[in-house]
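As structure tokens, the structure follows; a few thoughts come after it.
To find a chain, count down the sequence lines: A is the first, B the second, and so on, and within it residues start at 1. The figures that follow rest on heavy atoms only: side chains count, while hydrogens, waters and symmetry mates do not.
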Protein chains: 2
Amino acid sequence: MTLSRLNDTLPSMTTRKKPYHHGDLRQTLLNAAVELISSGGVENLSIRKLADQVGVSRTAPYHHFQDKNELLCAIAEQGFARQDQIMTDAKRYATGDNLAEIFETYVLNYLRFADQNRETYDLMYGREIWRAGKPTESLQAVSRHSFRIWRQWIETLFEQGMFDRNESPRRIAQAHWASLHGLCRLFNDGVYINHEERDDIARTMLRAMLRAGG
Amino acid sequence: MTLSRLNDTLPSMTTRKKPYHHGDLRQTLLNAAVELISSGGVENLSIRKLADQVGVSRTAPYHHFQDKNELLCAIAEQGFARQDQIMTDAKRYATGDNLAEIFETYVLNYLRFADQNRETYDLMYGREIWRAGKPTESLQAVSRHSFRIWRQWIETLFEQGMFDRNESPRRIAQAHWASLHGLCRLFNDGVYINHEERDDIARTMLRAMLRAGG
DNA sequence: CGTTCAATCTTGACAGTGTCAAAATGCCTG
DNA sequence: CAGGCATTTTGACACTGTCAAGATTGAACG
């Protein structure tokens, strides 16, 4: 029962490392966890259900994550990695002349990511981990890195004179990210529900940000 | 059940009505619930603990709230009532000449409320109710009212020409409230932790909002 | 004044949760 | 092939929300 099922779980590709009984249980758990929260939110994720889904006993996950909190942190961390990649890709492919336009698509991509990965986004920036739980050291590092990227964006625009010179770039980065985040949250949390308005509101927001430069 | 519940809800000050066994259990539960979440967040609130605190059996609360969700909605509703009062008071006492200044204190008061009533704020605008749970009809009504007050503020400023005339007041109201809310969230959720910066960031935000008018 | 009634509260139960302790399994190294 | 140790399981405990059924009792009515 245990053995054969374990093998089924993994394709065991060509040179797939099967470190132990299950082989890659950690990643399998992560994938299943993301699936679980994607359909029903974090409140739909229980260690037991997760273990069941993967075909392993209730407490098996505890050898790969100290806690439920650590599991959630791992999901969030993955989320940051994906987001960073998407965002840098967006920047790369936007071979625009106009810096403001590039920034706009950058921002709209941020919104889109939050929308398409609601539950992950909630974990990345939400109370579950940052207030109710305890962010892992490595999660903190990754998130700091993510904010640094944003700040560099702002500094670039700042140097181009697109913001008020009297403000500190740091403050602008904080304030404008908060704005962006707030919009994500209102949609993500179901307070704003008309998703067609999303980009429109964002553009109004962007205009206020950038017009404030002149 | 429906009728008498209305009586419980009211304080009926001088002539303290003790409609039944406990008398005023509903409000007592609400108060204890707010206390519980204030010290430990919503994850520290369980119906059983709540009932224990009040000195009543586990299932007694279910005669005043259909569910835990309804209890949370009631807390949020109270929160809206308090916030509305605080905000209108702030507007009244701010007998300023400069409209922008009045608006600033208004906004700073909003932030202060969110900060001093974190857990209630989370319930008022958070996923727990609006996405994971189901907002009560009356909660929806109250929250709509609250947003209307904000929109009226924006419209007033708009008519005074403090925003870009090309934007719709509705969009501005949405975008700027999202900004404000985002800032609250980042502090409330523990993502931003340096609370001394709060008002400073808010003022940078405000300048961007208002400067965008010229 | 006593009976009835319905709102209120209690007790018991069930399925679910996170997580700890101890036992079992089985791969790798010697 | 034997030992060790990472991995997994089983059992248990204290919680959770909430349902069903019974007990209590304030008030309305005869």
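- One interatomic measurement links the two molecules: CD of Gln66(A) to C1' of dT19(C), which rounds to 12 Å at whole-angstrom precision.
- The CG atom of Leu71(B) sits 14 Å away from the C1' atom of dT18(D) (whole-angstrom rounding).
- Contacts of residues 39-60 of chain B with DNA chain C (heavy atom under 4.0 Å): Arg48(B), Val56(B), Ser57(B), Arg58(B), Thr59(B), Ala60(B).
- Regarding Glu70(A), its CD atom lies at a distance of 10 Å from the P atom of dT19(C), rounded to whole Å.
- Side-chain polar atoms of Asn188(B) and Arg185(B) form no donor-acceptor pair below 3.5 angstrom.
- Aromatic ring orientation, Phe163(B) versus His176(B): perpendicular (interplanar angle above 60°, classes split at 30° and 60°).
- As rounded to whole Å, 17 Å separates atom C1' of dA22(C) from atom OH of Tyr62(A).
- Shown here are the side chain to side chain donor-acceptor pair (under 3.5 Å) partners of Arg26(A), two or more places apart in sequence or in another chain: there are none.
- Salt bridge annotation for Arg171(A)-Glu197(B): present, with a cationic side-chain nitrogen under 4.0 angstrom from a carboxylate oxygen.
- The aromatic rings of His181(B) and Trp177(B) lie tilted to each other, with the angle between the two planes from 30° to 60°.
- Partners of Gln53(A) by side-chain contact (heavy atoms from CB on, under 4.5 Å), not counting sequence neighbours, listed by chain and number: Leu36(A).
- For Phe65(B) and dG17(D), the CZ to P distance is 14 Å, given to the nearest whole Å.
- What separates CG of Leu29(B) from P of dT8(C) is a distance of 12 Å, to the nearest Å.
- Between His63(B) atom NE2 and dC19(D) atom C1' there is a gap of 11 Å when expressed in whole angstrom units.
- When the P atom of dG26(D) is taken as reference, atom CG of Leu25(B) falls 15 Å away, rounded to whole Å.
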